[in-house]
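The structure under discussion appears below in the form of structure tokens.
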Amino acid sequence: MRSTKARFFFMAGALGLLVFHLSKDSDQPKTVQLNTDVKEIRIHKSLSIKNYSYVYSWPKCQQNITANNITGFTTLPQNIQDFLYYQHCRHFPMLLDLPEKCGGAYESNKVFLLLVIKSSPHNYDRREVLRKTWAKERMHNGVWIRRVFISGTTGEGYEKERLNKMLELEQREFSDILQWDFSDTFYNLTLKQTLFLEWMERNCPKARFLFNGDDDVFANTDNMVVYLQSLNDNDGSKHLFTGHLIANVGPIRAAGSKYFIPVQVQESNLYPPYCGGGGFLLSGFTGMIIYRMSKSIPFLPIDDVYMGMCLAKAGLGPASHIGVRTAGLHIAAVTSDAYDPCFYKDILLVHRFLPGQIYLMWNRIQDPDLDCSSSRTQLHDNKL
Ligand SMILES: *[C@@H]1O[C@H](CO)[C@@H](O)[C@H](O)[C@H]1NC(C)=O
Ligand SMILES: *[C@@H]1O[C@H](CO)[C@@H](O)[C@H](O)[C@H]1NC(C)=O
Ligand SMILES: *[C@@H]1O[C@H](CO)[C@@H](O)[C@H](O)[C@H]1NC(C)=O
Ligand SMILES: *[C@@H]1O[C@H](CO)[C@@H](O)[C@H](O)[C@H]1NC(C)=O
């Protein structure tokens, strides 16, 4: 469930906004096998740019036929059936890896903010614009920002090959893609998230903070750095998980919904509190705790709720930033340009931006001549 409230606003035809204002406020060893199968190696070589010695292969995960026995199985939608058949599959071979992204596991504390962006293969235009705007790898305020897109595969046959080839080309130029050989569908996002955390434990365990989000958001990463630096008692080694907090909601039982969760998948009518998956911030510490917890929690196909379940199991909770306003820009939008950069200078994240809008907004808020003396007042009024 991306965000119940935000979806409501989309349906209402308004701009769904997650507005965060800047204010103070393992366990078991991995049973990986080094791939020694010649054919497999050939496949990996054709798909990856460098012959990393880190290419692992897992035995192909088998469909769980016994899922057929679940009451009412045949009446469930195909994607839920797929979920139940493959829910237990947690390891997939990597097609594109970046073991040196954080300078190696031991040096990874030099990465202050790792941007982890869920992107499916065909979203080339989104990745392209993010690379030159808010997800640019750079030093800001004296600390490093790094970027990875996380992806599975889509399509079959030639289409799948073409898309993989495109990611391979992007990797060659930008070195910013982690790709696993699983089907990149909505109900596999929890799998994608967990595969990322597994990668992080191996390659970037000491990154201070993570921004975890979608490729269709406008994220003010400069502000994120400033906000995270203002947490005087947390350098990433303590709990932090903050975003658009959603509490007291439960599974949607309507079979037609994108977020449909039948009782066969989850019986309880209540989800634990969680942060909407469009984008949230967490510490490296919390990321590693979530990963550890995930090992003993069966997957729920809604990724952001699943994060909340892992937190709950660890006795931790998600937080809402004190300045979060989900409807903060609505009133302003009626009387003025909803894309006035002054409204976006102070926020951390806004959901649903098109690539062109991201390009324009990022450049406008960087403009040293931007004068927000009048519009700023307006935004502050809305916040009261
Ligand atoms: C590719 O990686 C494998 C496994 O680490 C290694 O044995 C092999 O020599 C490498 N091949 C090349 C061409 O570097
Ligand atoms: C469950 O599924 C298995 C394998 O398909 C089958 O052999 C078995 O009879 C089923 N059990 C029940 C209780 O239906
Ligand atoms: C297969 O599905 C059945 C029915 O949901 C479940 O009881 C069993 O634990 C599953 N097996 C695996 C390996 O996940
Ligand atoms: C998740 O990915 C696996 C591997 O590609 C696939 O077999 C399964 O059907 C996918 N699950 C869903 C719910 O799409």
Side-chain angles (χ1 to χ4, degrees), residues 1-2 28 31-33 35 40 43-44 47-48 55-97 118-123 149-168 177-199 214 251-268 277 293-307 309:
M1 160 141 352
R2 293 281 106 176
Q28 80 212 38
T31 53
V32 285
Q33 318 168 327
N35 184 357
E40 284 286 307
I43 289 166
H44 286 305
L47 290 170
S48 64
V55 175
Y56 297 111
S57 120
W58 298 85
K60 192 169 165 18
C61 188
Q62 299 300 314
Q63 187 182 29
N64 178 5
I65 300 292
T66 314
N68 280 318
N69 290 2
I70 297 169
T71 317
F73 185 81
T74 51
T75 67
L76 296 171
Q78 188 59 50
N79 52 2
I80 291 287
Q81 291 190 5
D82 283 344
F83 172 75
L84 290 166
Y85 277 141
Y86 295 102
Q87 181 182 21
H88 59 289
C89 303
R90 291 192 173 218
H91 301 286
F92 289 88
M94 286 196 89
L95 300 178
L96 297 172
D97 192 4
K118 294 196 177 83
S119 188
S120 55
H122 48 258
N123 290 347
F149 292 106
I150 55 176
S151 197
T153 64
T154 48
E156 301 285 337
Y158 287 125
E159 193 200 358
K160 177 175 167 178
E161 268 177 44
R162 276 198 308 272
L163 287 165
N164 287 352
K165 184 71 188 168
M166 180 174 71
L167 289 188
E168 185 189 324
I177 297 175
L178 302 177
Q179 188 192 19
W180 291 264
D181 195 6
F182 70 90
S183 164
D184 198 331
T185 61
F186 180 70
Y187 281 152
N188 262 343
L189 286 176
T190 300
L191 171 65
K192 185 188 266 196
Q193 180 72 46
T194 311
L195 286 169
F196 164 74
L197 291 170
E198 179 193 82
W199 177 91
D214 291 345
I252 292 177
R253 305 296 194 189
S257 165
K258 180 184 178 191
Y259 305 93
F260 176 51
I261 294 295
V263 286
Q264 290 93 331
V265 173
Q266 177 176 323
E267 253 179 280
S268 163
M293 295 300 127
S294 74
K295 292 178 178 181
S296 57
I297 306 178
F299 279 170
L300 179 88
I302 313 278
D303 59 329
D304 44 10
V305 175
Y306 186 74
M307 298 286 98
M309 291 166 70

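Both ligands and their constituent atoms are indexed starting at 1 by order of listing.
E156 pairs by the side chain to side chain contact (heavy atoms under 4.5 Å, CB included) definition with nothing, not counting sequence neighbours.
Screening residues 179-191 for salt bridge (charged side-chain N to carboxylate O under 4.0 Å, His left out) gives K160-D181, D184-K192 as the qualifying pairs, with residues at least two apart or on separate chains.
The two residues K295 and R90 come nearest to each other via the heavy atoms CA-NH1, 3.9 Å.
Between Y259 and F186, the ring planes are perpendicular. Angles over 60° get that label, and only those under 30° would be called parallel.
With ring centers used as reference points, F73 lies under 6.0 Å from Y85.
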Just list the side-chain donor-acceptor pairs under 3.5 Å for residues 260-268, sequence neighbours left out, or say none.
residue : atom : partner : partner atom : Å
Q264    : NE2  : T71     : O            : 2.9
Q266    : NE2  : S268    : O            : 3.1
Q266    : NE2  : L270    : O            : 3.3
S268    : OG   : L270    : N            : 3.0
S268    : OG   : L270    : O            : 3.1

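Taking every heavy atom of H88 and a limit of under 4.0 angstrom, the matching atoms of ligand 3 come to 14 (O). Less than 4.0 angstrom separates some heavy atom of N64 from each of these atoms of ligand 3: 1 (C), 2 (O), 3 (C), 8 (C), 10 (C), 11 (N), 12 (C), 14 (O).
The closest approach between N69 and ligand 3 stays at or above 4.0 Å for every heavy atom of the residue.
Every protein residue with a heavy atom nearer than 4.0 Å to ligand 4 is included here: N79, D82, F83, Y86, F92, F182, S183, T185, Y187, N188.
Note that the CG atom of N188 and the OG atom of S120 stand 12.0 Å from one another [nearest 0.5 Å].
Between the side chains of N164 and E168, no donor-acceptor pair is found at a separation under 3.5 Å.
Polar contact with ligand 3: absent for T66 (N/O pair, distance under 3.5 Å).
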